[in-house]
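Worksheet for the structure shown next.
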Amino acid sequence: MADTSTQTPNPPKQKKAKKPLKIKARAPRGFVDKTAPTVRAEQGLIQAVTAIYGQHGFEPLETSAFEYADALGKFLPDDDRPNAGVFALQDDDEQWMALRYDHTAPLARYAAENWQHLAKPYRRYAAGPVWRNEKPGPGRFREFWQCDADIVGSDNPAADAEICLIARKGLTAAGLSDEQVSIKINNRKLLNATLDMAEVSDPTQKLIVLRALDKLDRLGLEGVTALLGDGRKDESGDFTTGAKLTPKQIETVLAFSTAGRETRADTLTALEGVVGGHAEGAAGLAELRAMDALFTALGHPPGAFVFDPGIVRGLEYYTGVVFEAELNIQVQDEKGRPVQFGAVGGGGRYDDLMTRFTGQPVPATGFSFGVSRLVSALQAAGQTIEAPAPLVMVLVLDAEHTDHSFLLAERVRQAGISTEVYVGTSGMKAQMKHADRRNAFAAVIVGEDERQDSTVTIKNLELGRQLAQRIDSREKWAEERPGQVTVPADDMVKTLQEMWDGNQA
RNA sequence: GCCGUCGUAGCUCAGUUGGUUAGAGCGCCAGAUUGUGGCUCUGGAGGUCCUCCGUUCAAUUCGGAGCGACGGUACCA
């Protein structure tokens, strides 16, 4: 029997001996590390928003990161391109699984699976990462957090209105002011009616029309008109093929999209004139009227909830009301140019999403925040990020007595102050430097002298930071020992607390 | 996906008209400093010059392809 295992494989090329390759330390494309300030801000935000959801009786639901690909809907990967759009892999039983790309599809799967156990209407919230296997861009990543609230099992416009209400409440709870938040609302039924009246029936053509209308705020009437017609050439010379509508069709479509007025009542009147004569249009208008009545009764300012026929949103699964949360914030970039914030969240009614599980439509409506985008919006709005908790550093001057430092640190922690014991191996100077860089407000120094006397030396690092700016000679610096005291070990916690309070004053 | 710019130390960047050992500033580590953050001085570590293929006696440098970053545009459940 031939044993091939002892044969040498092809000898490596006789090049100069290479050093072992070092791996480039970098996160995968489109994935980012979130450092402490961002994590703190995002966690604070999610806490504030989900508290609102909880007040409205929504329950948390965490579903798994992976779903079977067919449960995710029409974006399931095919064999040729198993990772188109989603991150997918094949399980042992050859089933395709994919990471969720939003929280809505998993909710539909969960609700269908547990339908008989759920009290309907079922309302839940979810916060967590979602993954999209697309080319990343500025402010766009392949992993990002969304925070959702949905109501399944009600086709009542009151459910849509409540979703809009908590979207707004969530944003204000996150720290935005009443004037900064605006929920813009449209209804896909009105769009369908418009397309029907304009005699646009080809599905592909419909899609192009909707995409064009979605760009109204960015490209303006002229650009959208071009996209509805033959097409448009952008600044880079790239040509986008248009929907090839006739001028009359374009007129019909744009008459709808530009029917927005100052108040909801005026907009409803204008829309009545455009699509009121169409059956589906009339149905959509009735839903908006019901929402309007609730908003008005609850006494929110007029700008809080706006009917805007220019809103299109996601193109595939929305069936009725759609909405977007927009921020009225004036921001400038480094070059002083005004920055337009896109929507920080959106949602709508998706009555058909569960059909593939249940065989019949189940009404559902929901909303989703982009967590990271909202955090950067808050920062732009001047919301300060929570400062990290105060920190004390306990030095270890003699490795044999590390336990002593650990015991002291435990006493400080019990008083509620975060405490780090130096666990490196460098000398005192490096430890002080470390304490400084960790932004500790105080260092606890325990050497042989302190141990024998049952004392500790506490140095006020914050004070030293201020003094350092005025001292330039080494001698003075060495003599200064700013805010340094030696106290009995039993007074350590009290001294630290007073030092912190004093520094805050 | 398409167009453009770029890729040299941890960071910001010089430089090599193709030739011995590729540099600076900042940062990092250590010493001067006895048990003290900053300043100053001294020393040290750290590089497949993005990768591969080609041209060449010789490529970090020239050519091609790829990958990556950034910007614009498209798509975005």
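Each chain gets a letter, A, B and so on, in the order its sequence line appears, and its residues count up from 1.
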_Taking Watson-Crick (N1-N3 plus N6-O4 or O6-N4) and G-U wobble (N1-O2, O6-N3), each under 3.5 Å, can you produce the dot-bracket string of RNA chain B? Use [ ] for crossing pairs and | for inter-strand ones._
(((((((..((((.....[...)))).(((((.......))))).....(((((..]....))))))))))))....
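The interatomic distance linking A:L463 (CG) with B:rU36 (C1') rounds to 14 Å, in whole Å. Going from atom CG of A:L353 over to atom P of B:rA77 covers 13 Å, rounded to whole Å. Regarding A:R188, its CZ atom lies at a distance of 10 Å from the P atom of B:rA77, rounded to whole Å. Summarising the geometry, the separation between CG on A:L467 and P on B:rG38 is reported as 15 Å, rounded to the nearest angstrom. Across the protein-nucleic acid pair, A:D214 atom CG and B:rC76 atom P stand 8 Å apart, rounded to whole Å.
Residue-level contact check: A:N460 touches the bases, meaning some heavy atom is under 4.0 Å from a base atom. A:R465 comes within contact range of at least one nucleobase, with a heavy-atom separation under 4.0 Å. When heavy atoms are screened at a 4.0 angstrom cut-off, A:L395 is found touching no nucleic acid atom at all.
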*Encode nucleotides 27-34 of chain B as B, S and - characters from 5' to 3', where the letter depends on protein heavy atoms closer than 4.0 Å: B to the base, S only to sugar-phosphate, - to neither.*
-SSS--B-
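A cation-pi contact links A:R123 to A:F58, judged by a cut-off of 6.0 Å to the six-membered ring centre and 45° from its axis.
On a pure distance criterion of 3.5 Å, no polar donor-acceptor pair joins the side chain of A:R132 and the base of B:rC75. Below the 3.5 angstrom threshold, one finds no donor paired with an acceptor across the side chain of A:R211 and the base of B:rC75.
Comparing B:rU55 with B:rG15, their C1' atoms sit 24 Å apart, to the nearest whole Å. A gap of 16 Å separates the C1' atoms of B:rC28 and B:rU12, to the nearest Å. Of the C1' atoms belonging to B:rA58 and B:rU16, the separation is 14 Å, rounded to the nearest Å. Comparing B:rU60 with B:rA9, their C1' atoms sit 14 Å apart, to the nearest whole Å.
The aromatic rings of A:Y53 and A:F369 lie parallel to each other, their planes meeting at an angle below 30°, with 60° marking the opposite boundary.
Salt-bridge check for A:R451 with A:E448: failed, with every basic side-chain N at 4.0 Å or more from each acidic carboxylate O. Electrostatic pairing of A:K206 and A:D196 does not count as a salt bridge here, judged by no charged N lying under 4.0 Å from a carboxylate O.
Per the stacking criterion (ring centres < 5.5 Å, plane angle < 30°), A:Y317 does not stack onto the base of B:rA77.
Within the 4.5 Å cutoff, the side chain of A:I458 has heavy atoms near those of the A:V485 side chain. With contacts defined as side-chain heavy-atom distances shorter than 4.5 Å, the pair A:I166/A:F367 does not qualify.
Listed by residue number, the members of residues 446-457 of chain A with any heavy atom below 4.0 angstrom from RNA chain B are A:D449, A:E450.
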